[in-house]
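Chain identifiers are assigned alphabetically (A, B, ...) following the order of the sequence lines, protein sequences preceding nucleic acid strands; residue numbering begins at 1 within each chain.
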There are 2 protein chains.
Amino acid sequence: MSGGDFNSWQSVQAEVLRRINAREWKPGEFIPNEAELALEFNCARATVNRALRALAETGLLDRRRKAGTRVALHPVRKATLAIPVIRYEIEGKGQSYRHTVLVEERLVPPSGIRARMRTNPGVKLLHLVTLHLADGKPYVFGDRWINPDAVPGIESADLSVQSANEWLVANIPFEGGDFSFSAMTAGKREAEILACKEGEGLFVIERSTWAKDQIITSVRLTFAPGYRMHTEI
Amino acid sequence: MSGGDFNSWQSVQAEVLRRINAREWKPGEFIPNEAELALEFNCARATVNRALRALAETGLLDRRRKAGTRVALHPVRKATLAIPVIRYEIEGKGQSYRHTVLVEERLVPPSGIRARMRTNPGVKLLHLVTLHLADGKPYVFGDRWINPDAVPGIESADLSVQSANEWLVANIPFEGGDFSFSAMTAGKREAEILACKEGEGLFVIERSTWAKDQIITSVRLTFAPGYRMHTEI
DNA sequence: TTTGACTATAAGTATATACATATTAATCTG
DNA sequence: CAGATTAATATGTATATACTTATAGTCAAA
């Protein structure tokens, strides 16, 4: 079984991919271990490791110590999508960016928000509603809640100059977040703010950002009709 | 400059992250090169390389040969989202899965589709409209075009047993795809198929899949109201 | 001033070796 | 036989070393 010389991890990866696609290694099946493959491919085990690790990261292989490596049963393809920072997104299209703060208040949040932010009852949060405009036209509006305890310095920031989004990205390190994407039907309020018709379908992103076991901020972005989020594998 | 002992790539990564977050290394700035960091951290260059490479993959660092490594100016966070295979998604929620083929025909596509599929004028494509049901209720419907030239064997497949989606995933290797996510307003047709009201906002995924410079298939998935796609960083 | 060749540099990668760690499988107990 | 112990094993990782490759920067020729 001398399978020729594979002297780069990319070539090893390509060969492994070929075998998976050609069904020489079928979904659910174990593939030979790293040492065996290294022997067959006439390369170092580290090279095989690099190739297989990369494939495992894309979800095509399942690897476990001692157990071995198998072809994923349901190869869930993973797409990486870039989280838009509104201003760069707009300016990247060559349009002018502007934003206005519609609401800025400190108050005890409704229970749904409180649950999502995991704050104690009675704690006041910063609430902001901001409209972002591209070439003067409504592009998206954000309904945002910020936990001031997790964000020192937010009180003294002028959020009408730099949007809350940008200020947070620039000043508060965060560890992770979770996102959901959905659609909603424009009601009276959305139609008014985004200058669209009531009853239009709108694209919505909800995002919570956390660090050190605290929710920093939770925002709901409602986009004007026609918005598309794009990505490729 | 002896920065203590960092003897795992994770610890090196953590320290680099800390310095970025603490603004010791500011956005846009070059950080010391791998050799210097290895010396400071008292570890091998390969270990530093591993740590920095991982951070570059998440978009937090920009690396270029000869130039060096710098902290990303606009740290575009990347989320990886799993592309749903409808049936597994539904069954994963403990609901029953069923699908019905509403339309199956071979015809010359409208110009918009033809452009997206990059086929020659006059070439017939396979057109399928499929409704997927969860616990008997409409969940999503797919309007799909398949390039038979790129998909040998599709003619002989019974797509009422195994959905086109599953059949393609199982039988045709693909190299990549591109996705777009958006919202639409339910018209008469969508309302009828999905058993919802006209004028409701619906979540839409459009996807083209390619391999070997050919577009294999292009599909538009329109989800019933209430659908959410979720991911985390 | 532009173009093109050259060079030094930093990341990228391959390899042998050694050890760590998770986890399965086998074995030993009570 | 159940449960604890131990051995075996595949992946995971660290290291020194050596070589490759892309490219920023420099300097000279056109």
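With sequence neighbours left out, B/Y227 forms a ring-ring contact (aromatic ring centres under 6.0 Å, His included) with B/Y139, B/F203, B/F223. In this structure, B/T130 has no side chain to side chain donor-acceptor pair (under 3.5 Å) partners at least two apart in sequence or on a different chain.
Counting only heavy atoms from C-beta outward, the side chains of A/L73 and A/D62 never approach each other to under 4.5 Å. Between A/H99 and A/N165 there is no side-chain heavy-atom pair separated by less than 4.5 Å. Here the side chains of B/I86 and B/Y97 are in contact, with some heavy-atom distance below 4.5 Å. A/V71 is not listed as a side-chain neighbour of A/R19, based on a closest heavy-atom distance of 4.5 Å or more. Contact annotation: the side chain of A/S163 never approaches that of A/R87 to less than 4.5 Å [non-hydrogen atoms, C-beta and beyond].
The stretch residues 25-37 of chain A participates, sequence neighbours left out, in these side-chain hydrogen bond (donor to acceptor under 3.5 Å, both in side chains) pairs: A/E34-A/R45, A/E34-A/N49, A/E34-A/R63.
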Using atom names, set out every protein N or O paired with an N or O of nucleotides 12-14 of chain D below 3.5 Å, distance rounded to 0.1 Å.
residue	atom	partner	partner atom	Å
D/dG12	OP2	A/R63	NH1	2.2
D/dG12	O4'	A/R65	NE	3.2
D/dG12	O4'	A/R65	NH2	3.0
D/dG12	O6	A/R45	NH2	2.6
D/dT13	OP1	B/Q10	NE2	3.4
D/dT13	OP2	B/R50	NH2	3.1
D/dT13	O4	A/R45	NH2	3.3
D/dA14	OP1	B/N7	O	3.4
D/dA14	OP1	B/W9	N	2.6

What are the atom names and distances for every N/O pair under 3.5 Å that joins the protein to nucleotides 3-8 of chain D?
none

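If you walk DNA chain C from 5' to 3' and mark each nucleotide with an atom closer than 4.0 Å to a heavy atom of chain B, the marks span C/dA8 to C/dT13.
Put simply, the residue from A/L125, A/T217, A/V219 that forms a side chain to side chain contact (heavy atoms under 4.5 Å, CB included) with A/I146 is A/T217.
Here the closest non-hydrogen pair linking B/V140 and B/L221 is CG2-CB, 3.9 Å.
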